[in-house]
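The block underneath contains the structure these notes are about, expressed in C-alpha cells.
Numbers restart at 1 for each chain; the letters A, B, ... are given by sequence-line order, proteins then strands.
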Amino acid sequence: MEIAKAYDPRTAEEHHYARWEQSGVFAPEINEDLGAETYSIVIPPPNVTGSLHMGHALQHTLMDVLTRWKRMCGYRTLFLVGVDHAGISTQLMVTRQLKKDAHKTPQEIGREEFVKRVWEWKNKYGGEITRQIRREGLSVDWSRERFTMDPGLSAAVREVFVRLYEEGWIYRGTRIVNWCPRDKTVLSDLEVKEEKAKDGKLYYLKYPIAGGGMTLTVATTRPETMLGDTAVAINPDDERYQHLIGAKIALPLTGREIPVIADEYVESEFGTGAVKITPAHDPNDWEIGERHGLEKLVVMNDDATMSEAAGVVFAGLDRYEAREKVVAAFEELGLLETIEDHEMTLPHCERCKTVVEPLLSEQWFVKMDEMRDLALGLMKEAGLPRFYPEVPHKKVYTTWLENLRDWTISRQLWWGHQIPAWYDDEGNVFVARSEDAAREKAGGKALRQDEDVLDTWFSSALWPFSTLGWTGTDERANNRDLEQFYPTNVLVTGRDIIFLWVSRMVMSGLKFIGERPFDDVIIHGTVLDRNGQRMSKTKNNGIDPLDVFEKFGVDATRMTLAGSATGVDFAWRDERVESFRNFANKVWNATRFCLMNSEGAAVDPESLKAGATGSLADGWIISRLNKTAKAVNYALETYQFHEAVQLLYHFIWDDFCDWYIELVKDEIVDGDARTRSLILSILEQSLRMLHPFMPFLTEELWQKLPGVSKGLHGSAYASAEQTIMLTTFPKADESLINEEAETAMGAVIAAISKVRNIRSEMNISPAIRFTVHIAADAERQAIFRENDAQILKLARADKIVLGEKLDVPKAAAKAVTSDAAIAVPLEGLIDFDKERARLANQIEKLSIELGRLNGQLSNTNFVEKAPAEKVETLRARKAEIEQQTSTLRTNLEALE
RNA sequence: GCCGACUUAGCUCAGUGGUAGAGCACUCGCUUCACACGCGAUAGGUCAGAAGUUCAAAUCUUCUAGUCGGCACCA
C-alpha cells in the first residue's frame with residue numbers, strides 16, 4: 001500500500017471523530033464486561049459563553065489521555081462532559097446584545113422575557129465550546145452531556161438548598177458584602193481580587209470637637225464615606241486622646257453630632273490614631289458599630305452614587321466625584337490638614353474589574369463551619385483528596401479551609417438558579433422545593449419568590465453527583481450511574497479554582513452523598529506566552545489553540561501540552577509544537593515504510609513472542625518495547641505525562657526508527673515475511689501506546705495496517721466497530737525484557753557510532769566504503785560476526801575484519817568502546833594531525849573521568865562507607881577507562 | 001505581614017543523594033531507495049551565590065539575591 005509522503009493532520013482529524021462519536025465508543029456501555037472496573041472523570045464545565053483557550057486544551061488533553069489509556073486497559077470509562085451556565089458572564093453578554101439589537105435594558109423587557117432570551121442565546125451560540133471539544137478529540141460521552149441548568153441539575157440545586165436551610169446551614173442576614181456597582185450584584189470573597197491602587201492617597205481631615213475650637217484629625221483613604229460617619233474611634237489606651245472619650249464631634253457637611261468612642265481595634269500608630277467610623281460602608285467599622293450600638297447610615301446607592309442620606313449637595317454624585325467634592329469642601333472650611341501618598345490595594349470585581357464597594361445588604365449565606373469540618377476530616381483521616389503535585393496544594397487547601405468564612409450565595413441576577421425561597425406579604429420566608437410546597441407551608445397564602453439567583457459555584461459544587469443523576473430523591477442504589485461512577489477517580493483542574501470549586505465539591509459530596517467526589521486532584525500549570533507572561537485579554541497575548549491546531553495539528557498540540565511537567569507553568573513555544581509535528585510525520589513515515597514493504601505480512605501480536613528469539617535486533621527491539629510499555633504505564637499511573645511523552649518519543653524515534661528500521665531494512669525490502677510481520681506488530685504496539693496522546697494520527701495509521709481487525713480489541717470490546725481506541729494498551733511482558741540482547745546491541749551500536757564518528761571527523765565522504773577492523777574477546781567477536789551485515793550497512797563499510805588484536809597499517813583511524821577496539825585503515829585519506837588531535841581529545845575526556853574516579857577511590861571514607869556495590873562499579877569503570885586509555889595512547893604513539 | 005514555588009546548555013524545560021539530560025537554535029558533513037517535518041557527527045553547563053549535613057549534594061538543611069504566586073491586612 002502507498003500512502004502520502006507527509007502526514008496531513010487535517011485529513012485524519014476530519015476522518016475519525018464523527019465516526020467514533022456515532023459508533024458509541026466513547027460511552028461506558030461499549031464495555032461488555034459486566035465485571036469491569038469503572039474509571040470516571042468529570043470535565044470542569046467550561047462557561048457556556050467561553051471559547052477554548054490553552055488552559056482548557058491542557059487540562060482536556062490530560063483527562064483524555066487518562067480516559068483513553070484506561071479504556072484501552074479494559075476499564076468501563078466515563079468521561080463526562082458538560083457546560084456551566086456562568087451567571088454573571090452570560091447575563092452580561094446577553095445584556096450587551098440586547099442593547100445592541102433592541103436598544104433595551106433587561107429591566108425594560110422584564111425578567112421572564114430576559115431569561116427567555118438567554119436561553120435562546122444559549123441554544124444558538126452555546127455550542128461553540130462543545131464543537132471545540134470535539135475538535136480536540138476528547139473521548140467524552142456526549143450522550144451524558146450536561147448543563148448546569150438542566151432540569152435534573154436544577155432539582156439537585158433546590159434539594160441541596162432546602163436541606164441546608166432546614167439544617168440551619170443556610171441563612172439570610174444583613175451584612176457588609178462585596179458589591180460590584182457595575183454588575184449590581186453581591187460577590188463572594190473569592191470573586192474579589194485585590195489590586196494595587198494607582199495613586200492611593202491618605203487624607204487627613206480635621207473634625208471639630210463640639211463646643212470649643214478644638215479639632216481631632218482622622219486619616220482616611222475614602223473621604224466621601226465621612227458623610228456616613230456615626231462615630232470616631234480611638235484606642236482606649238491612647239493617652240493622647242483619653243480626655244476625648246465620650247466627647248461629641250460636630251461632623252462637618254452633615255450637621256450631625258457623633259461620639260468619640262474607644263475601641264481596641266484602633267491602632268494608635270497608624271495615621272493619627274483616630275479613626276472615622278462608617279458602619280454601613282466598611283466591614284471593620286460594621287463590627288465596631290455592632291459593639292457600640294452605632295447607627296448604620298447608608299449614604300450610597302447600589303450603583304456607587306451617593307444617596308439622599310448623603311445630603312442634598314452630594315446625592316446623586318458618583319463616589320469619586322463625591323470624594324473630590326468632600327475634600328474641596330474640607331479645604332474650604334480649613335479642615336483639610338494634609339494629603340499623603342499612600343500605597344494600598346483595592347478590591348476589584350474579578351469579572352468586570354470595577355472597584356468593589358463594601359455595602360450593607362441583606363443576602364443569603366452558607367454557614368461553612370460544619371461543611372469545612374467534613375472536608376478537613378477527610379484530609380486528616382484519609383489524606384484525600386491527594387493533590388498532584390502535593391506541594392504546595394495540600395497545605396494551601398488545608399489552610400484555606402481552616403480559615404474559611406461564610407459563603408455569600410445570593411446574586412442579584414436573573415440568569416441562574418432562582419433561590420427557592422418565597423415570601424408572604426408580611427415578609428415571612430418559606431423555603432421549599434417548589435412554589436406549591438412553599439404555598440402549602442404558608443397555609444395557601446399568595447407568595448412571591450425571592451428575586452435573586454444562586455452563585456454559579458453553588459451548582460458547580462454539586463457537579464460530580466448532580467451530573468450522574470442525583471436529585472436527592474433517588475436512593476443511590478436505584479441510580480445506576482451514581483452507583484457506578486461516583487466517586488470519580490481523578491479531577492484535573494487549574495489552581496485558581498481550588499477554593500472556588502474543588503473544596504466545595506469535596507464538602508458537598510461528603511455532605512450529600514456521604515463520600516468524597518474524587519480521590520486525586522491534578523493541578524496543572526499555567527500556559528504562559530513566549531515571554532513568560534500570563535495570557536490575558538487585556539494584554540492580547542493569548543495563543544488560540546485553534547490556530548495551533550490549524551498550523552501543526554491537534555495531535556502535535558496534545559503532545560506538547562502533555563509533554564509539559566505536571567503542575568509547572570511553562571512558556572509557550574511554537575517550536576516545541578513544531579517538533580511534535582515533525583514527530584507525527586516521523587511516525588507517519590515509519591508506517592509508510594512498513595506499508596510499502598508489507599506484502600505477505602500482517603499485524604500479529606503473537607509474533608512478538610516468537611520474534612524475541614530471532615535476530616539480535618529483533619530481541620533487542622522487543623525488549624525495548626516492553627521496557628517502554630512498563631515505563632509508560634508507570635508514568636501514567638503516577639500522572640507523569642511528560643515522562644510518558646519522552647519515553648514514547650525516544651522509543652519510536654531513536655530505537656524504532658533510527659536503529660531498528662535501519663538494522664532490518666534489507667530483510668524487509670528483500671521480502672522476509674516473518675520480519676515484515678514482526679515490524680508491523682512492533683509498530684502496531686507503538687501506535688497503541690501513542691494513541692491516548694495522538695488519537696487521530698494513530699487511528700489513521702492503524703486502520704491502514706494489514707491484519708488489523710476487531711480481533712485486536714480487548715475482550716470487553718469484542719463487538720464494537722474496529723478501532724485502535726479499543727485495542728489493549730501494551731503491558732510489559734517481563735519475559736520479553738532481555739538485558740543480554742540490550743547489552744549486545746549496545747556493543748553493536750557503539751561500534752557503528754565510533755566508525756561514523758571517524759568518518760565524520762576525518763571528512764570522509766559517505767560514498768567511500770572502507771574496511772573496519774574490530775578487536776574484541778571471542779564472545780564479543782561472535783556478536784559482531786552475527787551482525788556483520790548490519791554493521792557493514794550502517795557503518796557504510798565494505799569489509800569487517802575481526803580479531804583478538806588490531807592488525808592495521810599506521811595510516812588508520814582508531815577508536816575504543818567499552819567492548820572493542822576499532823580501526824579504519826585510511827591509506828591516502830588520513831590526516832595525521834587530525835587523527836592525533838582526535839585521539840588526544842578522547843584520551844582527555846577519559847582522563848577527566850579517571851581523575852574523578854581516582855579521587856573517590858583513594859578516599860578511604862568512601863571505600864569504607866559507601867555501599868560495596870557502588871565501590872565495585874567505580875572500580876570496574878576505572879579499569880575500563882585505564883584499558884581504553886592505554887589502547888588510545890598506544891594508537892597515538894604509533895602516529896608519532 | 002504570613003505562606004509557598006522557582007533560579008540547570010543561547011532559548012524553553014526534564015532531572016529529589018552516587019559519572020549533568022531533552023527539544024529547539026548553533027557548527028560540520030550528507031539528494032544513503034520511509035521521512036530534508038530528514039540522516040549522520042560535533043560543540044555548548046563551576047546546576048543563582050554562600051555556608052552546612054554526608055564517604056558522596058543540581059538533589060537534604062540554613063542564609064543571601066533575584067523572579068513569580070497565594071493568603072491576610074490596609075483608617
Side-chain angles (χ1 to χ4, degrees), chain A residues 3 5-7 194 197 200 202-204 218-222 225 232-233 265-267 270-278 282 284-285 342-346 389 391-393 395-396 399-400 403 495-496 498-499 526 528 530 532 534 552 556 560 563-565 567-576 578-597 640 642-643 646 649-650 657-658 661-662 665 668-669 753 756-761 763-767 793-794 796 848-849 852-853 856 859-867 870-871 873-874 877 881:
Chain A
I3 64 173
K5 202 168 168 182
Y7 174 51
E194 293 287 338
L202 192 56
Y203 301 84
Y204 288 79
V218 298
T220 179
T221 55
R222 310 197 51 203
T225 63
V232 171
Y265 164 77
V266 180
E267 287 173 37
F270 190 94
T272 62
V275 188
K276 57 188 276 313
I277 301 298
T278 322
D282 182 281
N284 292 305
D285 291 9
H342 180 62
E343 253 189 50
M344 57 190 241
T345 60
L346 288 174
V391 176
H393 304 301
K395 189 175 168 188
V396 170
T399 310
W400 181 79
N403 299 300
R495 65 175 80 88
D496 51 333
I498 294 176
F499 305 150
T526 308
L528 309 169
R530 69 178 293 120
R534 296 181 92 91
F552 300 108
T560 306
S564 67
V568 179
D569 295 354
F570 65 100
W572 185 263
R573 303 258 125 186
D574 267 3
E575 297 92 310
R576 182 109 180 128
E578 199 178 345
S579 80
F580 285 114
R581 188 271 315 259
N582 296 350
F583 175 67
N585 195 54
K586 189 73 183 174
V587 176
W588 176 269
N589 273 289
T591 307
R592 180 163 176 261
F593 171 78
C594 293
L595 290 175
M596 286 166 74
N597 299 286
Q640 298 177 81
H642 64 292
E643 181 66 21
Q646 288 302 310
Y649 184 96
H650 290 292
C657 293
D658 285 349
I661 289 183
E662 298 302 332
K665 197 171 243 179
I668 298 280
V669 173
S753 296
R756 284 171 167 177
N757 173 264
I758 288 171
R759 183 186 294 277
S760 187
E761 300 269 309
N763 288 331
I764 306 211
S765 157
K793 181 174 168 64
L794 299 190
R796 304 187 68 74
I848 290 169
E849 193 184 340
R852 196 167 35 223
L853 287 172
Q856 274 186 277
N859 180 342
T860 51
N861 275 327
F862 171 73
V863 178
E864 282 166 20
K865 295 189 182 177
K870 192 78 224 164
V871 178
T873 308
L874 293 198
R877 177 66 184 150
I881 290 176

Taking the [atom1] atom in each of [N] and [M], what is the distance between them to the nearest angstrom?
{"N": "B:U54", "M": "B:G18", "atom1": "C1'", "answer": "12 Å"}
{"N": "B:U67", "M": "B:C73", "atom1": "P", "answer": "26 Å"}
{"N": "B:U8", "M": "B:G49", "atom1": "C1'", "answer": "15 Å"}
{"N": "B:U31", "M": "B:G38", "atom1": "C1'", "answer": "11 Å"}
{"N": "B:U16", "M": "B:C6", "atom1": "C1'", "answer": "15 Å"}
{"N": "B:G15", "M": "B:U7", "atom1": "C1'", "answer": "15 Å"}
{"N": "B:G23", "M": "B:U59", "atom1": "C1'", "answer": "23 Å"}
{"N": "B:G17", "M": "B:A57", "atom1": "P", "answer": "14 Å"}

Whichever of A:Val863 and A:Tyr649 has the more 5' nearest nucleotide on RNA chain B, that residue is A:Tyr649
Could you pick out which residue, A:Gln856 or A:Phe862, lies toward the 5' side of RNA chain B when each is mapped onto its nearest nucleotide?
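Mapping each residue to its closest nucleotide by heavy atoms, the 5'-most match is A:Gln856.
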Give me the ring orientation class for A:Phe570 and A:Trp572: parallel if the planes are under 30° apart, tilted from 30 to 60°, perpendicular past 60°.
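The arrangement is tilted - the two ring planes meet at 30° to 60°.
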Are OP1 or OP2 of [N] and a side-chain N or O of [X] less than 4.0 angstrom apart?
{"X": "A:Tyr265", "N": "B:C73", "result": "no"}
{"X": "A:His642", "N": "B:G15", "result": "yes"}
{"X": "A:Asn861", "N": "B:A56", "result": "no"}

In this structure, how many angstroms lie between the [atom2] atom of [N] and the [atom1] atom of [X], rounded?
{"X": "A:Lys865", "N": "B:U54", "atom1": "NZ", "atom2": "P", "answer": "8 Å"}
{"X": "A:Gln646", "N": "B:G23", "atom1": "CD", "atom2": "P", "answer": "8 Å"}
{"X": "A:Phe570", "N": "B:A14", "atom1": "CZ", "atom2": "P", "answer": "10 Å"}
{"X": "A:Leu202", "N": "B:C74", "atom1": "CG", "atom2": "P", "answer": "14 Å"}
{"X": "A:Arg534", "N": "B:G69", "atom1": "CZ", "atom2": "P", "answer": "6 Å"}
{"X": "A:His650", "N": "B:G23", "atom1": "NE2", "atom2": "C1'", "answer": "8 Å"}
{"X": "A:Asp496", "N": "B:C68", "atom1": "CG", "atom2": "C1'", "answer": "16 Å"}
{"X": "A:Glu643", "N": "B:G15", "atom1": "CD", "atom2": "P", "answer": "8 Å"}

Taking all heavy atoms of [X] and all of [Y], pick out the closest pair and write down the distance.
{"X": "A:Arg756", "Y": "A:Leu794", "result": "NE-O, 3.3 Å"}
{"X": "A:Ala584", "Y": "A:Tyr7", "result": "CB-CD2, 3.8 Å"}
{"X": "A:Asn585", "Y": "A:Ala6", "result": "OD1-CA, 3.4 Å"}

Cation-pi check, A:Lys586 onto A:Tyr649 ring (under 6.0 Å, within 45° of axis):
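Not flagged: A:Lys586 not positioned over aromatic ring of A:Tyr649.
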Under 4.0 Å, heavy atoms only, any strand: does [X] hit a base, just the sugar-phosphate, or nothing?
{"X": "A:Thr345", "value": "base"}
{"X": "A:Glu343", "value": "nothing"}
{"X": "A:Ala571", "value": "sugar-phosphate"}
{"X": "A:Glu761", "value": "sugar-phosphate"}

Under 3.5 Å, is there an N or O donor on one side and an acceptor on the other linking the side chain of A:Glu575 and the base of B:C11?
no
Salt bridge or not between A:Glu849 and A:Arg852? Use side-chain N to carboxylate O under 4.0 Å.
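Looking at A:Arg852 together with A:Glu849, the answer is no, because their closest N to O distance does not fall below 4.0 Å.
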Choosing from [options], which nucleotide comes nearest the side chain of [X]?
{"X": "A:Asn757", "options": "B:U42, B:U12, B:G70", "result": "B:U42"}
{"X": "A:Val391", "options": "B:G4, B:C74, B:C55", "result": "B:G4"}
{"X": "A:Asn859", "options": "B:G4, B:A14, B:C55", "result": "B:C55"}
{"X": "A:Arg581", "options": "B:G69, B:C37, B:U19", "result": "B:C37"}
{"X": "A:Asn582", "options": "B:A41, B:C37, B:C74", "result": "B:C37"}

For a stem of at least 3 consecutive Watson-Crick or G-U pairs with distances under 3.5 Å, i pairing with j, i+1 with j-1 and so on, which stems involve RNA chain B?
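Stem list for RNA chain B: B:1-7 with B:65-71, B:10-13 with B:21-24, B:27-30 with B:38-41, B:48-52 with B:60-64.
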Can you list the residues that meet the side chain to side chain contact (heavy atoms under 4.5 Å, CB included) rule with A:Thr399, with sequence neighbours excluded?
A:Lys395, A:Asn403
Any A:Leu346 side-chain heavy atom under 4.5 Å of A:Arg222 side chain:
no
A:Val669 side chain reached by A:Met596 side chain, heavy atoms, under 4.5 Å:
no
When every nucleotide of nucleotides 26-35 of chain B is labelled 5' to 3' by its protein contacts under 4.0 Å (heavy atoms), B for base, S for sugar-phosphate only, - for none, what sequence of letters results?
----S-B-BB
Heavy-atom donor-acceptor pair, A:Arg530 side chain to A:Ala571 backbone, under 3.5 Å:
no
Evaluation steps, side chain to side chain donor-acceptor pair (under 3.5 Å), between A:Thr526 and A:Arg495:
CA-CA 9 Å; A:Thr526 308; A:Arg495 65 175 80 88; 3.2 Å; yes
How many angstroms lie between atom OG1 of A:Thr225 and atom CD1 of A:Ile277, to the nearest 0.5 angstrom?
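A:Thr225 OG1 to A:Ile277 CD1: 10.0 Å, rounded to 0.5 Å.
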